[in-house]
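Following: one structure in structure tokens, then a few remarks.
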Amino acid sequence: MKGGISMDKIRISDLCSRLDPRYLEDMDVENETSLKPSAQRIENLVFQKLNAETNAAGMAGKRRPMRKKSWKILLIAAVFCLFAASVFALAGGFDYFRSIFGDTAKHVEQDIQSPGITAADSDRQMTLESMLTDGYKINLIVSLKALSGEAKANTFGHEPIDLFDTNLTPNSSYEHEVALSYTCSELEEFSTENRHFYHLQLDSLENCTGWDLKLSLSQEMGGLSLDTKVESTTAARQLDIGQDIDGNLTVESIQISPLGALLIGSEKEAAGGLPAPSVDLIFLDGSREELISPMSFDSGDDGTALGGGSAVISDDPTAGPLVVTTYGMRNPDGKVVLAAEFGRIIRLDQVKSISVDGVEYSVK
């Protein structure tokens, strides 16, 4: 007690429950943070907060039942909760990836990195907020902040795919050309007027763990850049197969991670389209998901295909087929590399086996 003012804790829900409805009204609050949670996210946080307090107080026997109030009370509680430190702590790498992969992001929450590497010039600030990778699929969350009105007009009018350039530098033992695919989309839920957030995904047919990654803005915007390493990958399991498919293709190994699958094989003779067996993932509950099929790649009837792939187009890839993209290529050493990218994140401890052309291999 100091100066007659009690320093006891006051719960937000207590304040709201005691308000006279005559004095309730909507509030406009200026958000000075870099976050812009959705209305559903705010509502969920408020209910989590109120529910936790109600349960704790009920067990202690110190709380009267809350009277039913209008939605305006919830709005006020949401505003207070939004700017409370406890809510800020919930925002970050996990929330970014949850907006992409849904609640399945919790399966790899411990593998999400938050580098926080920043580069800036007089016009823009670029920050690598988060990274999630299995060594082959590299997911980056990047924020881009405009530091002036002119920079804002010249930045956020571009398509996301045109904003960034990426470059991977292999370690000294790598001798082949780097083959990468690249996509970029905006995470509008987190963007504010002057700061936008983007999901960049790099897909490689080689393990990029330990490689140097350079992320740059396009030359049109000055080429601002930052450097990091691809590391701290999420766990993956490899199955040594050694299965002959048709006398020409042999499946040597399959790697499975929470983010996707990779098949490595060899050909006696390279001709036509990329060869692909039927590969399914079988879960402990008996359900199956197709990873790769002979229809995953172009036929290459007019010649020998060096690369190819396919994609599943869906408004909500987390609710559709597990595999949303397949891609592959022939390497100069006679290897065939086929990859499958997942639209949601799986738990490896829920995978029972992998089936290759009807032959089942246990995943331990």
Side-chain angles (χ1 to χ4, degrees), residues 133-139 166-183 201-213 230 233 236-257 259-281 289-313 321-343 354-359 361:
T133 177
D134 64 0
Y136 297 86
K137 287 160 287 297
I138 306 167
N139 291 273
T166 58
N167 182 58
L168 277 170
T169 302
N171 54 40
S172 58
S173 62
Y174 187 82
E175 299 178 354
H176 304 301
E177 181 181 356
V178 180
L180 290 173
S181 65
Y182 164 75
T183 60
Q201 181 168 304
L202 306 176
D203 293 290
S204 170
L205 296 178
E206 301 286 344
N207 192 330
C208 300
T209 303
W211 291 16
D212 294 319
L213 170 63
V230 179
T233 58
R237 297 178 188 173
Q238 180 169 314
L239 282 69
D240 295 322
I241 304 295
Q243 179 181 337
D244 177 76
I245 300 301
D246 56 7
N248 186 52
L249 173 67
T250 298
V251 176
E252 297 180 352
S253 65
I254 295 178
Q255 184 188 88
I256 182 77
S257 87
L259 304 176
L262 188 80
L263 181 151
I264 297 177
S266 58
E267 287 180 292
K268 291 182 179 178
E269 181 180 354
L274 288 174
S278 296
V279 182
D280 290 347
L281 197 63
E289 289 280 359
E290 180 184 280
L291 298 183
I292 296 171
S293 82
M295 302 300 293
S296 296
F297 303 95
D298 297 333
S299 63
D301 293 335
D302 297 330
T304 301
L306 298 180
S310 64
V312 175
I313 306 301
L322 176 62
V323 174
V324 293
T325 306
T326 58
Y327 50 98
M329 67 178 297
R330 285 183 168 102
N331 289 333
D333 57 4
K335 299 292 185 183
V336 175
V337 185
L338 310 177
E341 174 194 332
F342 297 165
I354 291 178
S355 172
V356 181
D357 268 16
V359 180
Y361 299 88

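Everything quoted here is computed from the prediction, not taken from an experiment.
- Residue Leu291 is tested with Leu263, Val323, Asp280 for a side-chain contact (heavy atoms from CB on, under 4.5 Å); the sole match is Val323.
- Among residues two or more places apart in sequence or in another chain, the side chain to side chain donor-acceptor pair (under 3.5 Å) test is passed with Ser293 by none.
- Smallest separation of non-hydrogen atoms from Leu205 and Met329: CD1-CG, 3.0 Å.
- Across all non-hydrogen atoms, the minimal contact from Glu252 to Ser266 is OE2-OG, 3.1 Å.
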Which pairs would a plain distance check flag for residues 336-343, meaning a side-chain donor or acceptor within less than 3.5 Å of a matching protein atom at least two apart in sequence or in another chain?
| unit_1 | atom_1 | unit_2 | atom_2 | d |
| --- | --- | --- | --- | --- |
| Glu341 | OE1 | Gln201 | NE2 | 3.0 |
| Glu341 | OE2 | Gln201 | NE2 | 2.9 |

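- Considering CD of Gln243 and CG of Leu249, their distance stands at 9.5 Å, rounded to 0.5 Å.
- Here the CG atom belonging to Leu259 is positioned 7.5 Å from the OG1 atom belonging to Thr133, to the nearest 0.5 angstrom.
- Legend: salt bridge (Lys or Arg N to Asp or Glu O under 4.0 Å) pairs involving residues 240-250, not counting sequence neighbours: none detected.
- Considering OG1 of Thr166 and OH of Tyr182, their distance stands at 6.0 Å, rounded to 0.5 Å.
- Leu281 CG to Ser355 OG: the interatomic distance, rounded to the nearest 0.5 Å, is 10.0 Å.
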- Using the side-chain contact (heavy atoms from CB on, under 4.5 Å) rule, take Val279 and Val251 through it: C-alpha gap first, then chi angles, then the decisive distance, then the call. CA-CA 11 Å; Val279 182; Val251 176; over 6 Å; no

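- To the nearest 0.5 Å, the span separating CG on Leu262 from CD on Gln238 amounts to 8.5 Å.
- The closest side-chain heavy-atom distance from Leu202 to Val230 is not below 4.5 Å.
- The two residues Pro277 and Ile245 have their closest heavy-atom pair at CB-CD1, 4.0 Å.
- Side-chain N or O atoms of Asp357 include one that pairs as donor or acceptor with a backbone N or O of Ser278 at under 3.5 Å.
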- Query: Are Tyr136 and Asn207 close enough, and set up right, to give a side-chain contact (heavy atoms from CB on, under 4.5 Å), and what steps lead you there?
  - Reply: CA-CA 5 Å; Tyr136 297 86; Asn207 192 330; 3.6 Å; yes

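- At a threshold of 4.5 Å between non-hydrogen side-chain atoms, the residues Asn248 and Pro275 do not count as touching.
- Note that CZ of Arg237 and OG of Ser257 are 11.0 Å apart. Values are rounded to the nearest 0.5 Å.
- Side-chain contact between Ile138 and Ser204 is absent, with no heavy-atom pair separated by less than 4.5 Å.
- Two residues are said to be in side-chain contact when any heavy atoms from C-beta on lie closer than 4.5 Å; Pro321 and Glu290 fail this criterion.
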